[in-house]
There are 2 protein chains.
Amino acid sequence: METATIKDIAKALNLSTSTVSRALRGSYEINPETKRIVLECAEKLNYRPNPIALSLKENRSRAIGVIVPEIDNPFFSQAINGIEAIAYNRGYHVVIFQSHESYERELVNVQHLLARRVDGVLISLSGQTNNYEHLHGLQEKGVPLVFFDRFTDAITTHKVIADNFKGAFEGTEHLILSGRKKIAHLGASSFLSITTERIKGYKAALEKYNIPFDESLIRYCNFSIQEMETIIDDLLSESNPPDAIFTVSDRLAMACLTILKEKHIAIPKDIAVMGFTNLKVASLLEPAFTAVVQPALEMGQRAAELLLDLVEKKSKAPTNFQTIRLPTELVIRKSTAL
Amino acid sequence: METATIKDIAKALNLSTSTVSRALRGSYEINPETKRIVLECAEKLNYRPNPIALSLKENRSRAIGVIVPEIDNPFFSQAINGIEAIAYNRGYHVVIFQSHESYERELVNVQHLLARRVDGVLISLSGQTNNYEHLHGLQEKGVPLVFFDRFTDAITTHKVIADNFKGAFEGTEHLILSGRKKIAHLGASSFLSITTERIKGYKAALEKYNIPFDESLIRYCNFSIQEMETIIDDLLSESNPPDAIFTVSDRLAMACLTILKEKHIAIPKDIAVMGFTNLKVASLLEPAFTAVVQPALEMGQRAAELLLDLVEKKSKAPTNFQTIRLPTELVIRKSTAL
DNA sequence: TATTTTTATGCAATCGTTGTCGGCAACGTT
DNA sequence: AACGTTGCCGACAACGATTGCATAAAAATA
């Protein structure tokens, strides 16, 4: 059962394909009676326009590409959920790639998306990425690009991010006000904007309360479980370990909790733990986990909207690129109790 | 900066497009010297073949469609992770849709995928789907279809599923052996294969240990949080409530735990709770959550492999469709302790 | 030298759709 | 009667790439 084309309709009705095409799009220069017949025949043959043919002609694909480090991460799957919702409503399809925190993989993904002629790209950078030529390449080819969550200032475009500074500031402040004196900050890759912004927030909070900054309390984890455990172990085995740990990702938070439990360290009594996390079960953890929650779904939605606006913008007038900073929410639970 | 086409190369070298095309594919009938020049020029212009043009000619898109109820669900995001990995390696792209547990939405998704001329479809049915005409439609159009996790026997094709019967049997048996007498089973939609299979496993375990089956202990939740809470509330407020609850999804497990905690019901002392779940934090919950874990990643991989085999099969010989049943893993933790 | 074979290349059709152009009636206008 | 309008429709080219067929020139053979 092959799919009917405009030619089949033309043949069946003894018309030209041009006439059928125009009738289907309701052109004014087609006889209403002819239109009726064509529509009827199209219905009968279950005609569906071939988007591939249209893509070829119009040089667009009505698809947008999304590159995330890992799909299987609540933050990103929530964001993709938001992206899919917007794209769906506006008639676009979503093509997904994972960088697995690898620069090389991200590069290949971008090349695939270029080859595929996607109409635009949403990206959250890999933890290894510190060269942005591939993204410049996209822009040079005229493919709109929008960052969400993990961006770089090396590229000029829309960015939709959480208010990482404020989130980290409030979180750190909360720890300080809970009486913690020695607060460790477990960051992600040092290349990432989210890392530097959050560290700034952390430092600002320390400063506000006149707590001296100790470089050795900041650690960078590039997201391999192995590495995280080594770092956390190292941090805890010091002669004078921290009395609070602020982690910046779901995976870090989990690894941290696991290790502390293994070591039978009491939370929050001996060490308070909190983190940037979008785990929905945070309240059900033992102890209930204090979290800086990012509006992942909304972030995906906003980013998709901005991207599609760029894609559909007729005028090539220079755009005022925005950086949208969405507020985070500090949810205080038992893991940081006094 | 437009993308170079085969024509640009032809023009630049004063050759015909046919020659360029053949040179690029290394045809034996092209002069080696000409080949060299063409390759060189293609390199210089950064030529990339246009997959849309190829799709039009070959009537294939090198993309596969995936329909899941929700991306933002650890089981499905893990499965998509597996799907993406396989598709990526075999040169296919993954286009994702969510049915949001809605039959209508699933229908529209299938139509979109058909219109898009995807080469194949992977689907895990929505909880509302009990009519399968849309899937027959896919097959009639020659689009291969493979189920994962949630399937229907009404369609003949490959199916990759967890061993739901055995998983539920072992889980229920574990509860019985832990001394539980009145075990509630919270199923998903009654339309779904996963629901019926798991209930069979549940019943079989009861039978083995001569525990009478009580219809009122089985409840169906169509996945709206509201509905789940009502049902769980109802179950618990009976005069003689169950002493164990077996839930079949991540969301049900979470809702159940939340409500029990709100009611200050002791787990596992008063009621044991366990479930089919792929939450990675199960061990960090309070209490640590006993789980029947499904090999979600592998399920996605196997399903994608089977689908791509179907897509690429030259011969249209009738296929021996398989139903691959992957073993689940029972991880016993504190929530069902004696 | 005449003929065949080989080599290397170009032409044109194709995939499904749309845009440009042009044409043919049937009108209405002077 | 001659001309201009208008309504309606078809032919053709184009998007990018592939491919069967034709064909020119060069090489091999008779």
Side-chain angles (χ1 to χ4, degrees), chain A residues 1-39 41-42 45-63 91 114-119 141-143, chain B residues 1-39 41-42 45-63 91 114-119 141-143:
Chain A
M1 180 69 75
E2 295 303 310
T3 317
T5 75
I6 220 168
K7 279 188 194 168
D8 299 320
I9 301 178
K11 215 172 293 172
L13 301 176
N14 213 20
L15 287 171
S16 76
T17 57
S18 332
T19 304
V20 174
S21 170
R22 275 178 291 230
L24 289 173
R25 347 211 88 244
S27 162
Y28 67 96
E29 45 179 69
I30 298 295
N31 188 319
E33 176 61 10
T34 310
K35 270 187 202 169
R36 203 185 53 72
I37 297 179
V38 169
L39 262 337
C41 182
L45 297 181
N46 193 28
Y47 168 78
R48 294 277 175 277
N50 185 328
I52 297 176
L54 282 180
S55 291
L56 182 60
K57 207 157 172 46
E58 299 174 1
N59 204 29
R60 51 160 25 212
S61 60
R62 287 206 163 269
L114 258 179
R116 275 276 155 167
R117 310 295 203 269
V118 291
D119 295 341
K141 303 264 183 201
V143 181
Chain B
M1 179 71 74
E2 296 302 311
T3 317
T5 74
I6 217 168
K7 279 187 194 168
D8 299 320
I9 301 178
K11 215 172 292 172
L13 301 177
N14 213 19
L15 287 171
S16 76
T17 58
S18 343
T19 305
V20 175
S21 170
R22 274 181 283 241
L24 289 172
R25 353 209 84 245
S27 163
Y28 67 97
E29 45 180 41
I30 297 294
N31 188 319
E33 175 61 11
T34 311
K35 268 187 203 170
R36 202 187 53 72
I37 298 179
V38 170
L39 261 342
C41 181
L45 297 181
N46 193 26
Y47 168 78
R48 294 280 176 274
N50 185 328
I52 296 176
L54 283 179
S55 291
L56 183 59
K57 195 147 178 51
E58 299 173 1
N59 205 28
R60 51 156 30 208
S61 59
R62 286 207 165 268
L114 258 180
R116 276 275 156 170
R117 309 297 202 268
V118 292
D119 295 341
K141 302 266 183 199
V143 180

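Sequence lines set the chain letters: A, B, ... in the order given, protein chains first and strands last, and positions in each chain run from 1. Here the structure is a predicted model, which is why all the values come from computation and not from measurement.
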Those residues that, when tested against [X], pass side-chain contact (heavy atoms from CB on, under 4.5 Å) (two or more places apart):
| X | answer |
| --- | --- |
| B:Ala53 | A:Leu56, B:Asn50 |
| A:Arg36 | A:Glu33, A:Glu40 |
| B:Leu114 | B:Leu138, B:Lys141, B:Val143 |
| B:Thr19 | B:Leu15, B:Ser16, B:Ile30, B:Thr34 |

Practice item. Name the nucleic acid region contacted by A:Ser55, choosing base, sugar-phosphate or nothing; use a 4.0 angstrom heavy-atom cut-off, strictly under. Key: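 Nothing, no nucleic acid heavy atom in range.
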Do the side-chain N or O atoms of [X] get closer than 4.0 angstrom to the phosphate oxygens (OP1, OP2) of [N]?
| X | N | result |
| --- | --- | --- |
| A:Ser16 | D:dG10 | yes |
| B:Ser21 | D:dT18 | yes |
| B:Thr34 | C:dT9 | yes |

Rounded interatomic separation in angstrom, taking [atom1] from [X] and [atom2] from [N]:
| X | N | atom1 | atom2 | answer |
| --- | --- | --- | --- | --- |
| A:Arg62 | C:dT17 | CZ | C1' | 15 Å |
| A:Glu33 | D:dG7 | CD | P | 18 Å |
| B:Arg60 | C:dG16 | CZ | P | 16 Å |
| B:Lys11 | C:dG10 | NZ | C1' | 16 Å |

Minimum heavy-atom distance between [X] and [Y], given as atom pair plus value:
| X | Y | value |
| --- | --- | --- |
| A:Ser55 | A:Ser61 | OG-CA, 3.5 Å |
| B:Gly26 | B:Lys35 | O-NZ, 3.5 Å |
| B:Tyr47 | B:Leu24 | CE2-CD1, 3.7 Å |

Check your understanding: Has the side chain of A:Ser18 got a donor or acceptor that lies under 3.5 Å from a partner of the other kind on the base of D:dA11?
Key ->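 Indeed there is one.
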Point to revise | Residue pair A:Thr17 / A:Ser21, side-chain heavy-atom distance below 4.5 Å | key: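 When only atoms from C-beta onward are counted, A:Ser21 and A:Thr17 do not touch, as no gap falls below 4.5 Å.
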Point to revise | Side-chain touch A:Thr3/B:Arg117, heavy atoms, less than 4.5 angstrom | key: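 Side-chain contact under 4.5 Å: yes.
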Practice item. Can you pull out how bent the helix from C:dT1-D:dA30 to C:dT30-D:dA1 is, comparing the axes over its first five and last five pairs, to 10°? Key: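 End-to-end axis angle for the helix from C:dT1-D:dA30 to C:dT30-D:dA1: 70°, rounded to 10°.
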Point to revise | salt bridge (Lys or Arg N to Asp or Glu O under 4.0 Å) contacts in which one or both residues fall within residues 45-55 of chain B, not counting sequence neighbours | key: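 Of all non-adjacent pairs touching residues 45-55 of chain B, none passes salt bridge (Lys or Arg N to Asp or Glu O under 4.0 Å).
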Exercise for review: Output every pair passing salt bridge (Lys or Arg N to Asp or Glu O under 4.0 Å) with a member in residues 4-26 of chain B, not counting sequence neighbours, ordered by first then second residue.
Suggested key: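 Residue pairs passing salt bridge (Lys or Arg N to Asp or Glu O under 4.0 Å), neighbours aside: B:Arg22-B:Glu29.
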Anything under 3.5 Å between a protein N or O and an N or O of nucleotides 14-16 of chain D, put it in a table, one pair a line.
| from | atom 1 | to | atom 2 | distance (Å) |
| --- | --- | --- | --- | --- |
| D:dA14 | N3 | A:Lys57 | NZ | 3.2 |
| D:dC15 | OP2 | B:Lys7 | NZ | 2.6 |
| D:dG16 | N2 | B:Ala53 | O | 3.4 |

Check your understanding: For DNA chain D, what residues of residues 22-31 of chain B have any heavy atom nearer than 4.0 Å?
Key ->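 Residues of residues 22-31 of chain B under 4.0 Å from DNA chain D: B:Arg22, B:Arg25.
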Exercise for review: Map B:Glu58 and B:Thr17 onto DNA chain C by nearest heavy atom, then report which one ends up closer to the 5' terminus.
Suggested key: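 In this pair, the answer is B:Thr17.
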